[in-house]
Amino acid sequence: MTIIPKDEFNTQGRNGITRRRVLVGTGALIVSFAIAPHVSAQPQPAPPAAAPEPPQLPGSLNDARRLDSWIRIDAEGEITVFTGKVELGQGIKTALRQVAAEELEVEPGEINLVTADTGRTPDEGFTAGSQSMQNSGTAIRNAAAQVREILITEAARRWNVPRETLRAEAKSIVAQDGRTIGYGELVTDQLLAVEAQPESLLKSPDKLRVMGQSLPRVDIPGKVTGGVAYVQDLRLEGMLHARVVRPPSPSAQLQEVDTAAVEQMPGVVSVIRDGSFLAVVAEGEFQAISAMRALQQAARWTEQPVLPDQNNLQAFLEATKGDIGTVAEEGSPEVTGKIFEATFRRPYQIHGSIGPSCAVAHMDNGQLTVWSHTQGVYPDQEAIAEMLGMDIAQVRVIHMEGSGCYGHNGADDAAADAALIASAVPGRPIRVQWMREDEHAWEPFGPAMLTKIRAGVGDDGRITGWNYELWSNLHSSRPGGAGNLLAARHRAQAFAVPAPRFNISQSGNGDRNANPLYVFPNRRVLWHYVPETPLRVSALRALGAYANVFSIESTMDELALLAGTDPVEFRLRHLEDPRARAVVERAAEEFGWSSGAPKGDRGRGFAFARYKNHAAYLAVALELELERETGRTRVSRAVAAIDSGEAVNPDGIRNQTQGGIIQATSWTLFEQVTFDNTRVTSTDWSSYPILRFPSAPDSVEVHVIDSPGQPFLGTGEAAQGPTPAAIGNAFRQLTGVRLYDLPFTRERVKQAIGV
Amino acid sequence: MAISLNVNGETHEIDVDPATPLLYVLRNDLELNAAKFGCGLGQCGACTVVVDGEAVLSCVTPVSLMEGREITTVEGLGTIEEPGPLQAAFMEMQAAQCGYCIPGMMMSAHVLLRKNAEPSDREIRDALMTNLCRCGTHMRILAAIRRAGELMQQASAPTERRAG
Ligand code: FES
Ligand code: FES
């Protein structure tokens with residue numbers, strides 16, 4: 001076993017490489033949206049090596065450094081903004097338009113926005129980690145401000161007046177004497193084909209018109225009237241439907257399959273077998289499904305009992321021989337005073353998007369185009385090209401929205417399925433949609449985790465020391481590398497699963513939020529890395545923060561009890577960051593927090609975290625009701641306060657945070673992947689239940705604390721950690737019993753309270 | 001087999017395997033996007049449509065049973081330019097994150113509101129029992145349905161409109 005010291009690793013980009021890919025094109029290139037693939041992905045050759053290290057640019061500008069990679073204006077003054085980030089249901093299409101419109105002094109409706117497309121947009125890696133606003137929002141805001149200033153300078157030059165006398169307004173530059181000139185007239189040739197500057201003249205917080213407004217989301221009208229909104233809705237001329245027959249278990253290998261009968265079924269165009277990859281293509285969708293079912297019957301597999309004991313995941317995790325990483329170390333690891341000691345466990349859980357993964361791929365004269373709801377078009381392009389042995393320039397990946405995305409789900413795999421099938425059946429677009437059981441059993445799960453805490457509180461009511469260990473896989477197995485695509489793994493010429501690289505990074509992974517933000521003298525936080533992945537795992541919203549904050553914030557309540565202090569007061573006693581204190585105080589106040597005994601069958605719980613310890617601050621107070629006879633629990637009321645930096649669209653922040661609280665409630669009360677020693681057995685919504693309407697709260701209130709002029713901190717994952725802890729704390733307050741095992745199923749609840 | 005389907009007030013002649021679930025006919029033959037595939041098992045409600053005034057899970061309903069029935073999908077509630085009250089209410093309340101579950105929610109709500117424009121919170125939750133939302137948009141969906149009930153009463157106009 002090796003102990004990896006904290007600072008030995010730097011935070012790295014995807015693949016450890018910093019990408020610098022810029023789009024070809026001039027500032028005045030006219031861009032119109034077309035679904036048909038025309039532009040092939042042509043990464044621009046790297047600029048001639050300039051000797052000095054280029055300056056750090058804001059957000060993703062640092063990777064795609066030319067202004068016209070982000071913003072183009074045509075001769076008619078049409079403005080197009082490009083982002084490498086994708087809409088996941090988080091409202092990014094609306095918020096990015098607001099940011100661009102603000103600095104360009106136009107209306108959000110006047111901005112055309114193109115999201116991730118390897119043929120057209122900058123490479124911003126993955127849309128993940130609640131970083132769209134930090135990366136893309138920051139880049140676009142700065143680029144827009146710089147474009148505005150360039151336009152002003154150009155008008156000043158043409159009119160030969162001092163630039164200070166000019167201002168931007170409604171797509172024009174306006175002079176003091178009332179003369180105006182449109183953006184379209186000003187932008188010629190190479191005006192915007194310049195590298196961005198490190199500093200921008202951003203509008204001051206008191207001058208903002210559209211940022212900070214709760215503008216309605218641009219995508220909702222189409223979605224509630226039957227418009228084409230998702231890749232699932234894409235219908236191309238001549239499109240065929242395909243289904244994949246997934247193996248019955250993670251270890252299964254296809255022995256034999258007689259495809260003759262299936263090939264004769266109505267509408268069937270082709271049966272594809274490549275190693276353990278088995279798929280069928282048909283004219284009609286239901287024909288493809290019927291043929292897939294018949295193939296499933298015909299296929300013979302060999303399977304191995306390689307899965308751990310679902311009822312003793314602790315033993316599986318503790319048996320690991322992996323490295324141990326030091327996440328934090330300060331003072332002495334000894335813990336004194338009144339001591340709380342506990343072990344917490346989290347099961348495997350799924351993303352479980354309501355719409356199973358889907359993709360369309362078209363191999364046309366050696367050019368492959370894939371439409372996918374992936375979180376990363378560029379990484380997918382690379383992985384698919386590798387899987388098919390194609391040149392990267394022959395593969396274009398275009399993002400289209402899918403059903404809600406909460407991390408690395410089946411999107412990339414469905415894209416690979418479609419690509420592989422399209423390469424076998426070229427000439428016509430191929431649409432693949434996963435079945436429900438494919439999604440439940442084959443998407444990468446959020447990993448099981450084990451945490452152990454030993455912490456103490458002194459006579460002065462302050463924490464003396466904190467000893468925390470966690471056991472976890474890495475929570476990321478994204479492409480990067482064809483081997484992370486199911487289709488590539490299952491082919492006869494199988495691509496090996498790339499070994500993930502264990503490291504301790506600033507944003508954290510399994511150890512995300514493992515180090516409490518609270519101030520006290522002694523701490524040691526260790527991550528026992530579990531390299532064994534009998535079940536496929538990857539990023540699920542908040543990664544390790546879900547289990548870590550659950551453990552930490554449960555512990556905080558126990559320590560508060562040992563100290564004889566109110567839990568909110570106890571937290572404030574250990575928080576120095578004023579923004580952290582502000583969300584805690586605000587949530588407590590809006591909730592009407594009091595230390596009194598529980599009312600009837602409703603307990604009160606509180607929790608706080610700053611996501612990743614450097615992103616959004618969130619505190620939540622909630623009320624939990626318990627039906628003792630049945631063990632049924634329900635969050636009846638939740639009140640949260642969030643500070644995610646400068647708020648671009650407060651209602652968007654509320655919407656996502658309400659969603660985060662309800663989803664995390666569902667994880668916490670209902671969810672766990674089940675399996676026997678060979679197969680995953682939770683393959684639909686009855687074997688993997690989630691929260692339904694009767695269990696939804698009566699109200700979920702979110703108070704947004706705006707921090708004008710502060711960096712965007714992201715919103716999407718902030719509630720995932722505090723919510724389970726607040727629920728556990730409410731249960732503890734109500735019953736006197738602490739729950740250590742997620743989820744808090746009825747059986748566990750009944751057992752805990754002795755019913 | 002040739003089947004005649006009445007969808008959103010229009011009649012379509014379809015030639016299709018009679019065992020085909022209605023969902024695939026709506027989505028692929030009629031190119032209607034609103035009803036969604038979610039599970040194909042009758043567990044999630046993403047595919048909900050209205051047949052003769054009742055909510056039906058189109059993923060498990062063979063198209064052969066639909067002859068002579070009146071089928072309504074979200075497209076039949078109004079258009080983006082002229083949204084019906086349910087659609088207007090979902091827009092007003094910003095009741096969507098990814099939105100994938102929303103058409104199914106609207107169909108279940110449509111059936112409820114046609115019977116009772118002032119449902120209790122409990123009645124709305126019961127009507128949405130089958131409909132799953134993974135984004136956690138529940139509170140806004142409930143609010144939008146209450147709002148749609150108000151809009152319907154205000155207008156006291158027919159709750160169902162035909163798309164042209
Ligand atoms: S798709 Fe019909 S109930 Fe889920
Ligand atoms: S809004 Fe995404 S599933 Fe309901």
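All heavy atoms count here, side chains included; hydrogens, waters and symmetry mates do not. In what follows, every chain begins at residue 1, and chains take the letters A, B, ... in the order their sequences are listed.
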For [X], is it the side chain, the backbone, both, or neither that has a heavy atom closer than 4.5 Å to a heavy atom of chain A?
X: B:L23; answer: neither
X: B:I80; answer: both
X: B:L128; answer: both
X: B:A96; answer: both
X: B:D17; answer: side chain
X: B:R27; answer: both
X: B:M129; answer: both

Pairs of heavy atoms under 4.5 Å with chain B: top-ranked of [options]:
options: A:A664, A:G659, A:G660; result: A:G659
options: A:Q287, A:H351, A:E87, A:Q656; result: A:H351
options: A:E439, A:Q433, A:M435; result: A:Q433
options: A:V228, A:L691, A:D684; result: A:D684

Could you give the distance from [atom1] ([X]) to [atom2] ([Y]), rounded to the nearest 0.5 Å?
X: A:H373; Y: A:T127; atom1: NE2; atom2: OG1; answer: 13.5 Å
X: B:R134; Y: A:I690; atom1: CZ; atom2: CD1; answer: 5.0 Å
X: A:R692; Y: B:Q43; atom1: CZ; atom2: CD; answer: 7.5 Å

Using non-hydrogen atoms and a 4.5 Å limit, figure out which bit of [X] sits close to chain B: side chain, backbone, both or neither.
X: A:I289; result: side chain
X: A:E401; result: side chain
X: A:S214; result: neither
X: A:R217; result: both
X: A:H241; result: side chain
X: A:P266; result: neither

A:H440 vs A:W685 aromatic rings, parallel, tilted or perpendicular, using cut-offs 30° and 60°? perpendicular

So among B:R146, B:R147, B:R140, which one has a salt bridge (charged side-chain N to carboxylate O under 4.0 Å, His left out) with B:E92? B:R147

Between B:H110 and the options B:V49, B:V50, B:I145, B:V74, the side-chain contact (heavy atoms from CB on, under 4.5 Å) test singles out B:V50

